[in-house]
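Report on one structure; see the data block that follows.
Counting from 1, the numbers follow the sequence of the chain as shown. When a ligand or atom number is given, it counts from 1 through the structure's own listing order.
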Amino acid sequence: MTSTARAYPNIALVKYWGKADEDLILPVAGSLSMTLDDYPTTTHVTLADEDHFNLNGTDQEGKVSARVFAFLDLVRDLARERCLDTANASATVTSVNEGPTAAGMASSASGFAALAVAASKEYGLDLDLRDLSRLARRGSGSASRSVIDRFAVWHAGTDESSFAEQIDAPDMAMISVPVATGEKAVSSRQGMVATATTSPFYPAWITSTEEILLEMIAACQAGDFTTIGEIAEVHATRMHAVIGASRPSIRYLNSASIDVFDEISQMRRDGLEAYGTADAGPNVFAISRVEDAQAVADRLAPLTRDGEAKILYPGRGAHLLSDGEA
Ligand code: DP6
């Protein structure tokens, strides 16, 4: 038997940056995101004699596979708790990522969300959405949110209470503005530790994130696009500021990213309402109303690496695929 799942990346409107617990991956503050409807990761898990991980057609070794095997250990622990005979089984994991890996496109989020769904099924666990989100969280914090349809709030808290759940929010478009490819210089994981241990602004980052999350939840529930966009842009800017204040300084945005933020400001002055955000990499995302998405994409396309600004919409949380779909 093989279990197959698909998940999409998510882009945070209130960012997660910093852990209260490194091992359990508990965040210092809650966050809120939109799950995208493209750049999927599709993952197959089959019980086997040895753990094995293949990503995009290449067998993985070292750190990359160790992280996947450590995640399988968590799944096996759950199987053991439930006295399932799969508890000692190894597995072959085969994943295909349709977005650029490790370039600020949140491939770890879609990757671990898909793995959580496929592996828990293959090992015979019957997890509800909350426990799937808690499990995905242990692979990568942001993966907890890719389990959820459309918009997700990921709660800070304990191992029990730190999961993502769906929140109502108005339809909107997320326009991807890729300005660079390639692996990022400092992983999110390392960057978070550097920020927590060396950035003097870190305490203010935590308290301001808690406050802004409440404002964002209220704006989502009120369907207030302008406030959602303003908060998303300022919160992304604060994240890059707290990161930049690390010693030695860390900078994920490059000059091409800044040009995109400038163009987004100019669009607003021209009466076209859009807001910018960026994760731990140089690529920028613009947020707009659905009816403005094409105009925003047309304005930003010339600033991209390959001339294409792709329009994305709220998408499905991680889900199993049947044989025919895979
Ligand atoms: C900048 O979820 O990749 O994208 O939990 O260490 O795996 P780990 O980190 P990860 O961090 C994502 C950080 C971010 C902001 C966000 O998605 O909220």
Next item on the list: State, without any angle test, whether T35 and N10 hold a side-chain donor-acceptor pair at a distance under 3.5 Å.
Entry: no
Note to self: Looking at K15 and D279, is any side-chain nitrogen of the basic one under 4.0 Å from a carboxylate oxygen of the acidic one?
What the structure shows: yes
Check: Any idea which atoms of ligand 1 are less than 4.0 Å away from a heavy-atom of A280?
Finding: 1 (C)
Check: Looking at ligand 1, does M192 have a heavy atom less than 4.0 Å from it?
Finding: yes
Check: Is the shortest side-chain N to carboxylate O distance from D51 to R76 below 4.0 Å?
Finding: yes
Item checked: Which segment of I25 sits under 4.0 Å of ligand 1 when only heavy atoms are counted -> side chain
Margin query: Taking a cutoff of less than 4.0 Å between a non-hydrogen atom of the residue and any ligand atom, is R67 in contact with ligand 1?
Written below: yes
Check: Which of the numbered atoms in ligand 1 are below 4.0 angstrom from a heavy atom of R189?
Finding: 5 (O), 6 (O), 7 (O), 8 (P)
Next item on the list: Considering the heavy atoms of S108, write down every atom of ligand 1 situated less than 4.0 Å from one of them.
Entry: 3 (O)
Item checked: 4.0 Å heavy-atom contact, A109 with ligand 1 -> no
Note to self: Any salt bridge linking R299 with D270? Criterion: basic side-chain nitrogen under 4.0 Å from a carboxylate oxygen.
What the structure shows: yes
Check: With a cut-off of 4.0 Å, which atoms of ligand 1 are near a heavy atom of K19?
Finding: 5 (O), 6 (O), 8 (P)
Notebook entry, point to check: Does a side-chain N-to-carboxylate-O contact under 4.0 Å join E273 and R268?
Noted result: no
Next item on the list: Considering only NZ, NE, NH1 and NH2 on the basic side and carboxylate oxygens on the acidic side, decide whether D126 and R82 come within less than 4.0 Å.
Entry: no
Notebook entry, point to check: Is there a donor in the side chain of S144 and an acceptor in the side chain of R134, or the other way round, less than 3.5 Å apart?
Noted result: no
Next item on the list: State whether a side-chain donor-acceptor pair under 3.5 Å links S65 with Q60.
Entry: no
Notebook entry, point to check: Can you find an N or O of W17 that's nearer than 3.5 Å to an N or O of ligand 1?
Noted result: no
Item checked: Contacting atoms of ligand 1, where contact means under 4.0 angstrom from a heavy atom of G141 -> 2 (O), 5 (O), 7 (O), 8 (P)
Notebook entry, point to check: Based purely on interatomic distance, does S142 place a nitrogen or oxygen under 3.5 Å from a nitrogen or oxygen of ligand 1?
Noted result: yes
Note to self: For S31, state whether at least one heavy atom is located under 4.0 Å from any atom of ligand 1.
What the structure shows: no
